[in-house]
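Reminder, nothing fancy here: chain letters follow the sequence lines and each chain counts from 1.
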2 protein chains.
Amino acid sequence: MHTATCEHDDHDHPGLTGQALRRALGAAERRCAETDQRLTAPRRRVLELLLEGDAPLKAYDLIAAFGEAGAPAKPPTVYRALEFLERLGFAHRIESLNAYVPCRLEGDSHQAAFLICDCCGAAEEFEPDFTAQLAAAKGAGYAVESITLEARGLCPACRKD
Amino acid sequence: MHTATCEHDDHDHPGLTGQALRRALGAAERRCAETDQRLTAPRRRVLELLLEGDAPLKAYDLIAAFGEAGAPAKPPTVYRALEFLERLGFAHRIESLNAYVPCRLEGDSHQAAFLICDCCGAAEEFEPDFTAQLAAAKGAGYAVESITLEARGLCPACRKD
DNA sequence: AACAGTAGTGTTATGAAATAACATAACGCG
DNA sequence: CGCGTTATGTTATTTCATAACACTACTGTT
């Protein structure tokens with residue numbers, strides 16, 4: 001695992017609150033209804049935590065933050081919720097970070113691409129264009145189900161110091 | 001972690017032996033010499049195991065296989081060797097598998113792309129063309145250091161059953 | 001050759017991430 | 001209602017990775 005760690009919590013990502021948070025959760029609710037999926041309490045709670053977060057969250061951060069009065073969740077509760085959220089395209093796992101983010105894009109496709117800052121830890125999702133790679137896969141005879149791309153480097157803010 | 005697991009050890013990847021193995025190790029030795037890097041015994045041993053392997057190897061597989069007479073290595077020995085091999089571009093970590101493969105391509109660039117079969121576990125490295133993604137990153141103001149792409153699906157052989 | 005500095009290794013212990021397995025509850029429907 | 005399916009709760013364990021520190025081996029200098 002890389003690290004350049006020069007400490008910047010500033011120049012943060014959004015991290016939804018209040019109105020916007022409720023709207024996002026509502027949208028998820030609706031998308032679940034459309035496909036007869038159930039956004040149950042633990043699933044909703046984990047999604048809420050991800051949406052509130054301003055950076056990729058580790059599973060055990062979620063476990064710790066899950067319960068109201070300092071009562072943590074048990075690991076399987078959170079891992080199962082994450083699995084569900086990933087399956088529906090509401091969240092992504094960032095493999096090189098062992099961490100999770102809410103999906104910031106439209107579409108529920110099983111494609112994701114991230115720019116990850118080695119300095120401040122921010123992870124920005126961007127619209128992936130996998131044309132070239134899908135062509136390569138096709139050439140090799142592979143039937144691709146999902147693609148993830150993770151680019152590591154320095155975000156604009158961290159480049160400047 | 002996904003799985004479709006329909007068991008196929010057939011249609012395997014190469015997995016070097018004898019002549020070819022020695023040639024690959026020799027090449028690594030030479031490339032180290034060029035940059036004043038030392039391919040020490042544990043590093044060489046881990047690279048050898050990776051080259052011999054016909055599929056991505058887990059760190060603890062390497063740990064177990066490391067020693068001659070069933071004597072396993074200690075974790076840090078192998079993890080340190082892997083770190084070195086990755087740094088020099090001799091090996092790649094496949095994040096979505098928690099596993100390692102020897103680099104099958106020329107060039108020591110910090111770019112890697114894999115087609116991973118969810119059925120047989122094979123991982124095929126292919127020449128990455130990240131033009132589109134690098135353009136996106138540039139547009140976002142990121143200074144990219146390294147990129148990894150992992151595509152999951154079914155390999156040609158597994159598609160047929 | 002003696003030395004100092006750096007890079008690499010050995011070893012013990014511990015920490016972090018994820019899952020297995022099984023019991024219980026809630027939902028959807030004939 | 002009663003049955004199958006989906007989801008949750010809970011305990012325990014497994015798998016993956018690193019911290020910390022002592023020791024050794026190479027490198028270049030004088």
Side-chain angles (χ1 to χ4, degrees), chain A residues 1-5 28-29 32-47 49-50 56-68 71-88 90-101 121, chain B residues 1-5 28-29 32-50 56-69 71-88 90-101 121:
Chain A
M1 205 150 288
H2 325 227
T3 342
T5 319
E29 203 95 61
C32 280
E34 283 168 19
T35 49
D36 279 316
Q37 300 290 323
R38 297 159 56 198
L39 189 64
T40 58
R43 292 168 176 175
R44 185 188 168 92
R45 175 63 176 146
V46 169
L47 177 56
L49 289 169
L50 289 175
L57 290 173
K58 307 277 220 163
Y60 276 73
D61 294 343
L62 294 166
I63 286 167
F66 186 92
E68 302 299 326
K74 308 280 170 62
T77 302
V78 165
Y79 280 106
R80 290 197 279 230
L82 287 169
E83 186 191 355
F84 171 86
L85 295 172
E86 283 192 89
R87 181 155 41 85
L88 268 69
F90 293 151
H92 299 293
R93 172 181 165 82
I94 300 186
E95 298 285 353
S96 62
L97 250 33
N98 287 358
Y100 302 81
V101 290
Chain B
M1 204 154 287
H2 324 226
T3 341
T5 318
E29 202 94 63
C32 282
E34 284 168 18
T35 47
D36 280 316
Q37 299 291 323
R38 297 159 57 197
L39 190 63
T40 58
R43 291 169 177 177
R44 185 188 170 91
R45 176 61 178 146
V46 169
L47 177 55
E48 183 181 23
L49 289 169
L50 289 175
L57 290 172
K58 307 277 220 163
Y60 276 72
D61 294 342
L62 294 166
I63 286 167
F66 186 93
E68 303 298 327
K74 308 279 170 63
T77 302
V78 165
Y79 280 106
R80 289 197 279 230
L82 287 169
E83 187 190 354
F84 172 86
L85 296 172
E86 282 192 272
R87 181 154 41 87
L88 268 71
F90 293 150
H92 299 293
R93 172 180 165 82
I94 300 185
E95 298 285 354
S96 62
L97 251 33
N98 288 358
Y100 302 83
V101 290

(request) Using atom CG of B:L57 as one end and atom P of D:dT15 as the other, report the distance to the nearest whole Å. (result) 16 Å
(message) I'd like to know if the side chain of A:R45 reaches the main chain of A:F66, judged simply by a donor and an acceptor atom lying under 3.5 Å from each other, with no hydrogens or angles considered.
(response) yes
(request) Taking A:R43 for its side chain and A:L85 for its backbone only, find out whether a donor-acceptor pair lies under 3.5 Å. (result) no
(message) At less than 4.0 Å, is any side-chain N or O atom of A:R93 found next to OP1 or OP2 of C:dA17? Yes or no.
(response) no
(request) Round to the nearest Å and state the distance from B:E95 atom CD to D:dA17 atom C1'. (result) 12 Å
(message) Just the rounded figure in Å: distance from P of C:dG15 to NZ of A:K58.
(response) 16 Å
(request) Could you tell me the separation between the CG atom of A:L62 and the P atom of C:dA18, rounded to a whole number of Å? (result) 11 Å
(request) Using whole Å, report how far CD1 of A:I63 lies from P of C:dT19. (result) 11 Å
(message) In this structure, how many angstroms lie between the P atom of D:dT18 and the CG atom of B:N98, rounded?
(response) 11 Å
(request) Using Watson-Crick or G-U wobble pairs with both distances under 3.5 Å, give me DNA chain C in dot-bracket, 5' to 3', with [ ] for crossers and | for pairs to another strand. (result) ||||||||||||||||||||||||||||||
(request) Output the distance between atom CZ (A:R44) and atom CZ (A:F90), rounded to the nearest 0.5 Å. (result) 11.5 Å
(message) Any side-chain N or O of B:Y79 below 4.0 angstrom from OP1/OP2 of D:dA17?
(response) yes
(message) When you compare the side chain of B:E86 with that of B:R93, does any pair of heavy atoms fall below 4.5 Å?
(response) yes
(message) I need the B:I63 CD1 to B:Y60 OH distance, nearest 0.5 Å.
(response) 4.5 Å
(message) Measuring from atom CG of A:L47 to atom CZ of A:F84, what distance do you get when rounded to the nearest 0.5 angstrom?
(response) 9.5 Å
(request) For the pair A:R80 and A:E83, find out whether any cationic side-chain nitrogen is under 4.0 Å from an anionic carboxylate oxygen. (result) no
(message) So if I define the base as every atom that isn't primed, P, OP1 or OP2, how would nucleotides 4-13 of chain D read as a B/S/- string at a heavy-atom cutoff under 4.0 Å?
(response) ---SBBBB--
(request) Please round to the nearest 0.5 Å and tell me the distance separating atom CD of A:E95 and atom CG of B:L97. (result) 9.0 Å
(request) Please answer whether the main-chain N or O of A:Y100 pairs with a side-chain N or O of A:K58 as donor and acceptor at a distance below 3.5 Å. (result) no
(request) Quickly work out the A:Y60 OH to C:dG15 P distance and round it to whole Å. (result) 14 Å
(message) Taking only side-chain N and O atoms of B:Y100, does any of them lie within less than 4.0 angstrom of OP1 or OP2 on D:dA17?
(response) yes
